[in-house]
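To keep things clear, I will list the structure first and then write my remarks on it.
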Amino acid sequence: MPELPEVETTRRGIRSALRGRRISEFVLRNHKLRWPVDHKLAQVLPGRHVRDVRRRAKYLLIDLDGGTLIAHLGMSGSLRVLPCETPWLKHDHYEIRLDKGSCLRFNDPRRFGSLHWVTGDPLEHPLLAGLGPEPLGAGFDGAYLAGRAKGRKVAVKQFLMDQRIVVGVGNIYASEALFRAGIHPRRAAGKVSPERYARLAAAVQAVLGEAIKQGGTTLRDYVNADGTPGYFRQKLYVYERDGQPCRKCHTPIRKLAQGQRSTYFCPSCQK
DNA sequence: ATGGGCACCTGGCTGC
DNA sequence: TGCAGCCAGGTGCCCA
């Protein structure tokens with residue numbers, strides 16, 4: 001999926017098109033996403049206005065009068081703003097039609113995405129309640145990471161991707177942040193020094209911030225709200241670069257498997 | 001509590 | 001050309 005930078009880029013793209021607008025219709029073409037989408041949304045949503053579009057972790061929160069839509073893009077999902085007359089494409093699953101002829105449409109080949117409607121505080125929804133701090137907000141730094149890592153034997157790369165520890169870091173940016181911090185992805189989380197956690201926290205913030213500026217990373221499916229790809233791919237140091245020379249020391253980048261996911265690293269720069 | 005593995009699903013690529 | 005096998009921006013859940 002889209003990781004934090006891609007979700008944030010999507011948020012910025014759809015927010016300007018949605019805010020203040022009135023929903024005229026909700027069309028559910030395929031309710032079989034990660035969790036079944038409630039067909040009643042077709043009755044519940046029309047007439048409501050969009051107050052704001054927020055992001056928490058990799059979830060988009062679309063605040064309406066009297067409730068919030070919680071949308072997740074899964075691995076391959078994208079939300080785009082389109083003219084209402086645009087024909088349905090393969091893997092288009094739902095559409096929020098707005099006044100003035102535009103609509104927000106969700107496309108997701110793998111259907112790992114989701115859509116929930118809540119009338120209370122969305123941050124208290126079970127999917128969101130246990131999430132860790134935002135990496136670009138207060139409460140995330142090296143001291144925090146070091147504290148959470150005490151005694152943990154899990155590899156630091158998997159630790160960093162645990163959304164209960166810190167949100168938003170997925171498979172691409174975990175490898176990239178560890179490279180920037182010079183930390184070997186297989187090192188036990190509890191055996192990384194506080195000094196190196198300070199470097200790692202700064203690296204996470206830097207790589208996510210830079211990726212947001214570039215509109216995210218497009219590998220395959222991901223497109224922004226206006227259909228354009230993200231341009232951060234050319235700035236990646238290690239992800240999907242196995243066998244190619246390290247951009248700092250020219251040692252070939254290596255690939256390994258951790259928790260059924262690929263990890264990329266430089267065996268010379270990362271210890 | 002922690003760690004490890006599987007499941008959900010489709011499509012694109014590789015190699016025989 | 002056909003097809004099996006493997007891999008892909010995530011994460012909830014089950015088991016030891």
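Here the structure is a predicted model, which means the values were calculated and not measured. Throughout, protein chains are lettered first and strands after them, A, B, ... in sequence-line order, and every chain is numbered starting at 1.
In this structure, CG of A:D108 is placed 13 Å from P of C:dT11, rounded to the nearest angstrom. Rounded to a whole Å, the CZ atom of A:R186 is 16 Å from the P atom of B:dG3. Put simply, CG on A:D162 is 11 Å from C1' on B:dT2, counting in whole angstrom units. If you measure from atom CG of A:N171 to atom C1' of C:dA8, you get 9 Å, rounded to the nearest angstrom. Note: CG (A:L219) to P (C:dA8) measures 11 Å, nearest angstrom. The separation between A:F159 atom CZ and B:dG4 atom C1' is 17 Å, rounded to whole Å.
Between A:H125 and A:H116, the angle of the ring planes lies from 30° to 60°, which puts this pair in the tilted group. Ring planes of A:F106 and A:Y94: parallel class, angle under 30° (limits at 30 and 60°).
As judged by a 4.0 angstrom heavy-atom cut-off over every strand, A:R261 is placed among the base-contacting residues. Among the protein residues, A:K32 comes within range of no part of the nucleic acid, since none of its heavy atoms lies under 4.0 Å from any strand. Across all strands, A:Q260 comes closer than 4.0 Å to base atoms (heavy-atom distances).
Where A:A155 and A:F112 each meet DNA chain B at their nearest nucleotide, the meeting point lying more 5' is that of A:A155.
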> Hey, mind stepping through A:R15 and A:D52 against salt bridge (Lys or Arg N to Asp or Glu O under 4.0 Å) and telling me if it holds?
Replying inline: CA-CA 7 Å; A:R15 189 171 100 121; A:D52 201 1; 2.9 Å; yes
>> For A:Y173 and A:T217: C-alpha separation, side-chain torsions, deciding distance, then whether side-chain hydrogen bond (donor to acceptor under 3.5 Å, both in side chains) applies.
In response: CA-CA 10 Å; A:Y173 301 109; A:T217 301; 2.7 Å; yes
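The CG atom of A:L145 sits 9.5 Å away from atom CZ of A:R148, with the distance rounded to the nearest 0.5 Å. If you take OG on A:S114 and CG on A:D108, they are separated by 9.5 Å, rounding to the nearest 0.5 Å.
Checked for salt-bridge contact, A:K58 and A:E6 miss the test: no charged N lies under 4.0 Å from a carboxylate O.
Cluster annotation: A:M161 and A:L200 are assigned to distinct hydrophobic clusters (Ile/Leu/Val/Met/Phe/Trp/Tyr, side-chain heavy-atom contacts under 4.5 Å, transitive). One hydrophobic cluster, built from ILVMFWY side chains closer than 4.5 Å, holds both A:V169 and A:I172.
For the strand DNA chain C, secondary-structure stems (runs of at least three Watson-Crick or G-U pairs, all distances below 3.5 Å) span B:2-8 with C:10-16, B:10-16 with C:2-8.
Of the candidates B:dC6, C:dG10, C:dA8, C:dA8 carries the atom nearest the A:S262 side chain, counting heavy atoms from C-beta on. Taking every side-chain heavy atom of A:Q163 into account, C:dT11 is the closest of C:dT11, C:dG12, B:dG4. For A:H72, the side-chain atoms get nearest to C:dG10 when compared with the rest of C:dA8, C:dG10, C:dG12. For A:R152, whose side chain is taken as the heavy atoms from C-beta onward, the closest listed nucleotide among B:dG3, B:dC6, C:dG10 is B:dG3.
Of the listed residues (A:E240, A:R247, A:R241), just one forms a side-chain contact (heavy atoms from CB on, under 4.5 Å) with A:I253, and that residue is A:R241.
Taking the P atom of each, C:dT11 and B:dA1 are spaced 22 Å apart, rounded to whole Å. C:dC3 and B:dC9 have their P atoms separated by 23 Å, with the value rounded to a whole Å.
A:R254 CZ: 12 or fewer foreign heavy atoms inside a 6.0 Å radius.
Remark: A:K153 is not in phosphate contact with B:dG3, judged by side-chain N or O atoms under 4.0 Å from OP1 or OP2.
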Can you name the atoms? Protein N/O to nucleotides 10-12 of chain B N/O, anything below 3.5 Å, with the distance.
residue, atom, partner, partner atom, Å
B:dT10, OP1, A:R111, NH2, 2.6
B:dT10, O4', A:P109, O, 3.3
B:dT10, O3', A:H91, NE2, 3.4
B:dG11, OP1, A:K90, NZ, 2.8
B:dG11, OP1, A:H91, NE2, 2.8

Check nucleotides 14-16 of chain C for protein N or O atoms closer than 3.5 Å to its own N or O atoms and list the pairs.
none

